[in-house]
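Data first, discussion second: the structure below is written as structure tokens.
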Amino acid sequence: FQLKPDSVVEAISALPGVITFTVNRKLLVQIFEVFLCCSSPNIAKKFHAGHLRSTFIGNFIANLKHSLGNRVIRMNYLGDWGMQFGLLGAGFGKFGCQQKLKQNPLQHLFEVYVEVNKEAEHNEEMKLAAKDFFKQLEQHESEAVSLWQQFREITVHEYEHIYKRLGVHFDIYSGESQHQDQAQKVVQQLQTQGLLKTSEKGTGVVDLSPDGDMSSFCTVLRSDGTTLYITRDIAAAIDRKRKYHFDEMIYVVRTLKTLHVYTDKANKSTKHIPGMKTRTGEVVFLEDVLDEARTRMLNNMSQSKTTKEMDDPEDTAEKVGISALIVQDFKGPLQSDYKFDWDRILQTQGDTGVFLQYTHARLSRSGSFISNSIFIFQIEAVRYDEVLYQSAQDLQPKHLVNFLLKLSHLIASAHRELPVKGSAPGVAQARLRLFSRAHSVLANGMRILGITPVDRM
Ligand code: ARG
């Protein structure tokens, strides 16, 4: 009797002709808690392509982890503190307009930010006013704080609306501002642990080099005693770990900097999803991208002869347009850069989100007359689990996307080669089940990618 129990299979017993394996039940009820941080735009600045990718990728990872049985907490860590708010606050007095702020907050804050930056380049007074405003913020002076609060609230409200269009939600909106006070404590802790060193320039640094020779280090304190972005980020990581008791923390960030190494030290269970390169000049308003995707898709739909009647073409165009953006982004490795081309990503044929949606809609049509299938064709399902597992290993959506694209191509040939109508009843039944199974795998996989499948298009 060679079989030995382990941590998964608790016990093995045998009777003549029967072997009984007892699975460790505790494993089945154990819930793994994942903390995921993504999107994280900066309030004063523009949301750009890097933030869009971070949003998509974060949403995918959260959906994937959730579908694999984990509990997931989704956080948006806003850039809502720092000197840029000094500029914005001081600049608002000069260039701002409450009415415009209410009408189009993201646009207006950005305009003010650009204006005040220009002004501060040559105007010392403006610079001083900005410094002063930020100091007032740091000292919690009520007038400054209430203006800042207004910027933040309006922005979050606006973003929530846009995220909803994207089919994304966050459990928590946090941000740098939440950790200003804790940042100083982090510095003290580093000091007591003997990790804080003073550099020649008088800044506070932590040695990160493996050999302790300062060949790589991280600055956590300015020479004037104020903390930096990274200091607040460390404070945030410590605070999260304490509050949420997660087993794993995932940051989806644009670039890998010292931040990566550092938070890893603070918390061994932190993972970074690296390398979302964006080309400079690719700054956009998220809303404009979504509007453009929708308009172009509507236009394509109205020109196609195969387009079906539908209740809300705008809504369909929006969902299909967003799926085109997602698939384009997820096809290759996340580190890679690509040239963005609307016409290419919106093609109906070929490896696009539009093609996935088209396949799904087609299956929905044939699926409507399928009775409850009891025996389900399992072959692709087995592959599907494997693909999810693979994506969960390296957190890359390309495995899932390419699997779904391949499945869709197979479905297209199956639609040609395996007609249901006119086949013998048994054969027709089996084929229907095949399509039905493919339909649910496709819908499920699309949802994990962050795509809302449409039933008609
Ligand atoms: N707000 C930052 C940016 O726009 C990204 C924040 C990433 N998250 C974090 N915990 N550092 O670049």
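As the structure is a computational prediction, the values presented were derived from the model and not from experiment. Indexing begins at 1, ligand by ligand and atom by atom, following the structure's order.
Counted by atom type alone, Q390 and Q396 present zero donor-acceptor pairs between their side chains at under 3.5 Å. Inspection of the D171 and H169 side chains reveals an N or O donor paired with an N or O acceptor under 3.5 Å. A donor-acceptor pair shorter than 3.5 Å cannot be found between the side chains of H51 and N42.
The closest approach between any non-hydrogen atom of E176 and ligand 1 is not below 4.0 Å.
Here the straight-line distance linking atom CE of M249 with atom CD of E33 works out to 13.0 Å at 0.5 Å rounding.
Considering each of I43, V253, I234, the one bringing a non-hydrogen atom nearest atom 7 (C) of ligand 1 is V253.
Here is the list of ligand 1 atoms found below 4.0 Å of a heavy atom in N42: 1 (N), 2 (C), 3 (C), 4 (O). Those atoms of ligand 1 that come under 4.0 Å of a heavy atom in H51, given as number and element, are 3 (C), 4 (O). Listed by number with element, the atoms of ligand 1 under 4.0 Å from a non-hydrogen atom of D233 are 9 (C), 10 (N), 11 (N).
Residue Y229 has at least one N or O atom closer than 3.5 Å to an N or O atom of ligand 1. In terms of polar-atom proximity, defined here as any N/O pair under 3.5 Å, R240 makes no such contact with ligand 1. On a distance-only criterion, Y251 and ligand 1 share no N/O pair closer than 3.5 Å.
Checked against the 6.0 Å centroid criterion, the rings of Y358 and F355 do not qualify as a close aromatic pair.
With Y77 as the aromatic partner, R240 meets the cation-pi criteria of under 6.0 angstrom to the ring centre and within 45 degrees of the ring axis.
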